[in-house]
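In what follows, a structure is listed as structure tokens, so that the remarks can point back to it.
Sequence lines set the chain letters: A, B, ... in the order given, protein chains first and strands last, and positions in each chain run from 1.
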2 protein chains.
Amino acid sequence: MTNNSDESCIVRHIKSYGEIDQKDEGLLLSLEDGPCEWSKNAILWNQGEESDCFYTLKKGWVCAFRDLEDGSRQVLDIYVPGDIVGLREFAFQKRITSVVVLREAELCAFPKSHLAEIFSRSRTLSSIFFMITARDQAVLLERLVNLGRRSAREKLAHFLAEISHRLQRTNAQVESHLSLPLSQGVLADALGLSAVHVSRTFREFRLEGLVSTDNAHVKLLDIKGLEAVAGFDDFYLESTAGLLTGPDRQTDRQTAC
Amino acid sequence: MTNNSDESCIVRHIKSYGEIDQKDEGLLLSLEDGPCEWSKNAILWNQGEESDCFYTLKKGWVCAFRDLEDGSRQVLDIYVPGDIVGLREFAFQKRITSVVVLREAELCAFPKSHLAEIFSRSRTLSSIFFMITARDQAVLLERLVNLGRRSAREKLAHFLAEISHRLQRTNAQVESHLSLPLSQGVLADALGLSAVHVSRTFREFRLEGLVSTDNAHVKLLDIKGLEAVAGFDDFYLESTAGLLTGPDRQTDRQTAC
DNA sequence: CCGCCCCTATAACCTGCGTTATCTCTTGTT
DNA sequence: AACAAGAGATAACGCAGGTTATAGGGGCGG
């Protein structure tokens with residue numbers, strides 16, 4: 001392993017959830033592969049393929065989607081630097097989604113079978129991995145609300161606001177926060193809309209000074225404004241740092257029915 | 001603890017994912033509370049409340065939802081006997097959803113802080129808990145597809161087909177498989193539709209002999225027919241039994257970029 | 001047993017968004 | 001340089017599903 005902790009993406013990600021000791025850090029490093037480069041439009045994997053590893057996304061953007069029989073497509077997730085890609089496929093032998101690169105990316109592979117190693121060796125890391133998937137679920141829940149109960153304007157604004165928040169978690173420069181490599185087609189497939197209607201909605205947003213668009217990129221000009229349009233509330237992205245501190249808080253057994 | 005393994009809901013659920021030994025079974029039993037009864041329309045918890053435990057659902061039905069500012073509601077999940085309720089809130093100090101009882105229920109509480117105990121003591125249980133949340137994510141993904149890219153007919157048929165499949169996992173009698181305590185309002189809120197349109201769609205389904213409805217219950221008369229309408233594919237509910245066997249399958253390190 | 005509320009059905013009307021069709025402008029390929 | 005392929009803008013048209021209104025039925029608390 002040529003990794004050291006400075007450049008390891010997984011270590012940085014894990015640390016955002018809680019303190020880990022030298023031993024755990026070493027364990028992570030020893031199980032991670034070095035970064036690989038992937039060009040735009042490259043397919044990390046397709047639905048149905050053998051599911052043998054997951055990745056940490058060091059640079060670039062990728063997105064998970066599913067193709068339907070009728071030719072349409074549903075985008076399920078957008079991943080930005082610092083995210084873990086494919087962890088949820090742990091429970092399946094074959095991939096249940098496909099993943100494509102949206103912006104030239106650098107990823108570190110992490111063989112799935114090594115997770116068992118981690119579960120057997122580190123209580124802290126087990127908790128953190130569990131917590132990561134739990135928080136991913138929270139994001140999916142919010143996306144369900146978005147698809148089920150919001151108008152096109154709200155959907156688009158909410159989605160952009162969420163991504164903006166997730167980007168701010170990482171230490172990327174402010175500039176890159178603002179320009180998202182998302183085509184109108186990708187957004188349409190993420191939001192259950194048609195590309196035409198995304199275009200219409202962007203026209204409104206542009207007139208209102210909320211965004212500008214350019215060559216399959218969206219620039220966020222007024223994030224507060226977008227949040228207002230969407231009724232955005234970031235409670236579901238709440239920092240979880242500190243949840244693991246205090247090894248065993250009082251257990252308040254609820255024996256009353 | 002008055003539980004023994006015969007009546008423990010969590011042990012039965014866990015065992016459907018893989019073999020566990022005596023020690024793990026004892027660990028689970030010692031951390032679980034006895035079952036409590038909850039009447040219809042009772043609220044297990046509301047969004048924003050302290051998040052201190054999760055539950056296993058022994059009998060009855062409950063559903064998780066979120067209320068929106070504009071008065072509408074999104075149903076996020078329907079839980080049937082054997083399911084674990086609230087595991088995903090592990091990563092949050094406050095509940096991010098609300099949960100209400102749809103049919104008179106019996107639940108066992110499982111204090112959240114005890115999960116750490118499990119992670120530190122059992123590699124097998126850690127893997128299984130992780131796998132459970134990963135599979136829950138797969139269900140949420142499929143629901144995203146449902147909300148994003150399917151017509152009202154397909155949404156409704158797919159949702160009913162999924163629940164029917166999940167019911168068949170448990171050992172409840174066939175009769176209860178067929179009658180689901182789901183009002184048209186609940187279904188509308190789950191599918192991002194209006195109650196009126198659910199009613200219209202049910203009329204079609206009734207004429208086609210797919211379902212019958214009665215007093216806030218849906219009876220599934222022709223499950224194959226519903227699956228056909230929905231284009232249902234159960235790959236995302238695939239049994240994961242055996243995924244953990246073979247302690248460390250060959251690790252096929254992908255070092256090639 | 002009454003009254004209220006929830007659930008359902010159905011009709012009439014309306015609109016947000018899908019569909020289709022051009023046209024233009026990039027960008028990447030040979 | 002020529003070309004194909006992808007991305008976007010905009011207009012015209014249509015429909016799936018939302019909204020509102022009305023009315024009937026069953027369950028349940030008082």
* Backbone N or O of A:Gly60 within a donor-acceptor pair of the A:Glu104 side chain at under 3.5 Å? -> no
* B:Glu227-B:His158 side chain donor-acceptor pair, cut-off 3.5 Å -> no
* Using whole Å, report how far NE2 of A:His217 lies from C1' of C:dT27. => 12 Å
* Relative to each other, are the rings of A:Phe232 and A:His165 parallel, tilted or perpendicular (30° and 60° limits)? -> tilted
* Rounded off to whole Å, could you give me the CG-to-P distance for the B:Leu182 and C:dC6 pair? => 18 Å
* Donor-acceptor pair under 3.5 Å, A:Arg200 side chain vs D:dG8 base -> no
* Asked: Is a side-chain donor-acceptor pair under 3.5 Å present for B:Thr97 with B:Glu89?
  -> yes
* To do: Assign B:Ser194 to base, sugar-phosphate, or nothing according to its heavy-atom contacts below 4.0 angstrom with the strands shown.
  => base
* Check the pair B:Asp222 / B:Lys224 against side-chain contact (heavy atoms from CB on, under 4.5 Å), numbers first and verdict last. => CA-CA 6 Å; B:Asp222 178 5; B:Lys224 291 289 167 213; 3.9 Å; yes
* Asked: Will you find, in the side chains of B:Thr133 and B:Gln137, an N or O donor that is under 3.5 Å from an N or O acceptor?
  -> no
* Rounded interatomic separation in angstrom, taking NZ from B:Lys155 and C1' from D:dA16 -> 10 Å
* Within this structure, what is the NZ-to-C1' distance between A:Lys40 and D:dA5, rounded to whole angstrom? -> 12 Å
* To do: Measure the distance from NE2 on A:His197 to C1' on D:dA11 and round it to the nearest whole Å.
  => 15 Å
* For DNA chain D, determine which residues of residues 204-215 of chain B have any heavy atom closer than 4.0 angstrom to one of its atoms, and list them numerically. => none
* Check whether any side-chain nitrogen or oxygen of B:Ser199 sits under 4.0 Å from OP1 or OP2 of C:dT8, and answer yes or no. => no
* Structure fact -> Looking only at C:dT19, D:dG17, C:dC17, the nucleotide nearest the A:Leu193 side chain is C:dC17
* Asked: Closer to the 5' end of DNA chain D via nearest nucleotide, is it B:Val196 or A:Ser183?
  -> A:Ser183
* To do: Check each of B:Leu156, B:Leu221, B:Leu210 against B:Leu226 using the side-chain contact (heavy atoms from CB on, under 4.5 Å) test, and report the only one that passes.
  => B:Leu210
* side-chain N/O A:Gln184 vs D:dG6 OP1/OP2, d < 4.0 Å -> no
* To do: Send over the distance from B:Asn41 CG to D:dG29 C1', rounded to a whole Å.
  => 13 Å
* To do: Would you mind reading off the distance between B:Arg149 atom CZ and C:dG18 atom C1', rounded to a whole angstrom?
  => 10 Å
* For A:Asp189 and C:dC17, give me the distance from atom CG to atom C1', rounded to whole Å. => 15 Å
